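In what follows, chains carry the letters A, B, and so on, assigned in the order in which the sequence lines appear, proteins first and then strands, with residues in each chain numbered from 1. Quick caveat, the model's predicted, so the values are computed rather than measured.
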Amino acid sequence: MTDSLMPRPRESLRALLLSQEFFDRDPRVVARALLGKLLARRTPNGTLVGRVVETEAYLGTGDPAAHSFSGKTPRNAVLFGPPGLAYVYFIYGNHYCLNVSCLPDGVAGGVLFRALEPVIGIEAMARARDMSLSDKSALKRITSGPGRMAEAFGITRDRDNGKDFTSARSDLQLRDDGYRVRRVVVTRRIGIVKAAEEPLRYIIEGNPFVSGPKAWAKKT
DNA sequence: ATATCGATTATCT
DNA sequence: GATAATCGATATG
């Protein structure tokens, strides 16, 4: 074959950019629908891609666990804005966490990205996390957790808060490559005390890159 | 394998 | 001044 002489389709053509309408829905619906989609980050050096395997829904002003519960502030303003924007917050003096805003402009709601399965740029992700891939068990820990995946992708509030996931010109995008999720498991949310019992955490059943102890990947 | 604890700072009361 | 949508290290069964 003369494969190398043919114009190679760009990566972006093989995975469709998610639209703003995709995010203009209830966070529970979006959280479920995001499983299996691709998070893509364009950097000066290369591209990072991870498949979404774990999400959590935060319901806005009616949800005691949501940052938007007590109304709009400078920090959470993005959650009240248009759908499909990156909401990044800094937590415990150590970690950034990445969310996407949901529902129409003026209505709060969002989805927290909790874990990815690395697809492209694994070496770069490991570097960003100061990890070596020589240890086989290290692979699972690169992007399995909200703080971990944010660090692997170089997400910070200064750089990324408010970015449009749905813009063709954005360096932070969400795409659909046609991957089909077999089965979804819903559990209580992790790391919170308020409204923790609500079944608002969504994971791809059996996926090894889901965060937390193995037991959390099954039920609770 | 599960439990506990300390780190470290932006944000809000 | 208290809190937090976490992580990694350490301790213990």
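- Side-chain atoms of A:N99 come within 3.5 Å of backbone atoms of A:Y87 as a donor-acceptor pair (strictly under, hydrogens ignored).
- Across all strands shown, A:Y92 has heavy atoms under 4.0 Å from base atoms, whether or not it also approaches the sugar-phosphate.
- Evaluation of atom-type donor-acceptor distances gives a pair under 3.5 Å for the side chain of A:Y89 against the base of C:dA5.
- Atom CZ in A:R157 sits roughly 15 Å away from atom P in C:dA5 (whole-Å rounding).
- Distance A:F113 CZ to C:dT6 P: 16 Å, rounded to the nearest Å.
- Cation-pi geometry between A:R25 and A:F23 is not met: the NZ or CZ atom fails to fall both under 6.0 Å from the ring centre and inside 45° of the normal.
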List the steps and the verdict of side-chain hydrogen bond (donor to acceptor under 3.5 Å, both in side chains) for A:R148 and A:T143. CA-CA 5 Å; A:R148 291 167 173 176; A:T143 53; over 6 Å; no
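- In DNA chain B, stems built from 3 or more consecutive Watson-Crick or G-U wobble pairs, each with both distances under 3.5 Å, span B:1-7 with C:6-12, B:9-12 with C:1-4.
- In this entry the distance linking NZ of A:K140 with P of B:dA1 reads 10 Å, nearest Å.
- Heavy atoms of A:L112 sit under 4.0 angstrom from at least one base atom.
- Side-chain contact check for A:I120 versus A:R41: every heavy-atom pair is 4.5 Å or farther apart.
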Could you check A:F165 against A:Q173 for side-chain contact (heavy atoms from CB on, under 4.5 Å), going step by step and ending with a plain yes or no? CA-CA 4 Å; A:F165 279 113; A:Q173 298 179 335; 5.7 Å; no
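- Protein atom OH of A:Y58 is 12 Å distant from nucleotide atom P of C:dA4, rounded to whole Å.
- With sequence neighbours excluded, the residues that form a ring pair (Phe, Tyr, Trp, His ring centres under 6.0 Å) with A:F90 are A:Y96.
- When side chains are defined from C-beta on, A:V88 does not count as touching A:T156, because their heavy atoms never get closer than 4.5 Å.
- Judged by the 6.0 Å distance and 45° axis criteria, A:R28 is not positioned over the aromatic ring of A:Y58.
- A straight line from CZ of A:F90 to P of C:dT6 spans 14 Å, rounded to a whole angstrom.
- For A:S101 (side chain) and A:P82 (main-chain N/O), a donor-acceptor pair under 3.5 Å exists by modelled atom type.
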Quick test: give all pairs of protein nitrogen or oxygen and nucleotides 7-10 of chain C nitrogen or oxygen below 3.5 Å, distance rounded to 0.1 Å.
unit_1: C:dC7; atom_1: OP1; unit_2: A:P146; atom_2: N; d: 3.2
unit_1: C:dC7; atom_1: OP1; unit_2: A:G147; atom_2: N; d: 2.9
unit_1: C:dC7; atom_1: OP1; unit_2: A:R148; atom_2: N; d: 3.2
unit_1: C:dC7; atom_1: O4'; unit_2: A:H95; atom_2: NE2; d: 3.0
unit_1: C:dG8; atom_1: OP1; unit_2: A:R129; atom_2: NH1; d: 2.9
unit_1: C:dG8; atom_1: OP1; unit_2: A:R129; atom_2: NH2; d: 3.2
unit_1: C:dG8; atom_1: OP2; unit_2: A:R148; atom_2: NE; d: 2.6
unit_1: C:dG8; atom_1: OP2; unit_2: A:R148; atom_2: NH2; d: 2.7

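- Within residues 65-72 of chain A, the residues approached by DNA chain C to less than 4.0 Å at the level of any non-hydrogen atom are A:A65, A:H67, in residue-number order.
- Residues satisfying the side chain to side chain donor-acceptor pair (under 3.5 Å) test with A:S68, not counting sequence neighbours, are none.
- Between the P atom of C:dA5 and the CD1 atom of A:I91 lies a distance of 5 Å, rounded to the nearest Å.
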Side-chain donor-acceptor contacts of residues 104-115 of chain A below 3.5 Å, not counting sequence neighbours, with atom names and distances?
unit_1: A:R114; atom_1: NE; unit_2: A:E54; atom_2: OE2; d: 2.8
unit_1: A:R114; atom_1: NH2; unit_2: A:S211; atom_2: OG; d: 3.3

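- With rounding to whole Å, A:N76 atom CG is found 10 Å from B:dT13 atom P.
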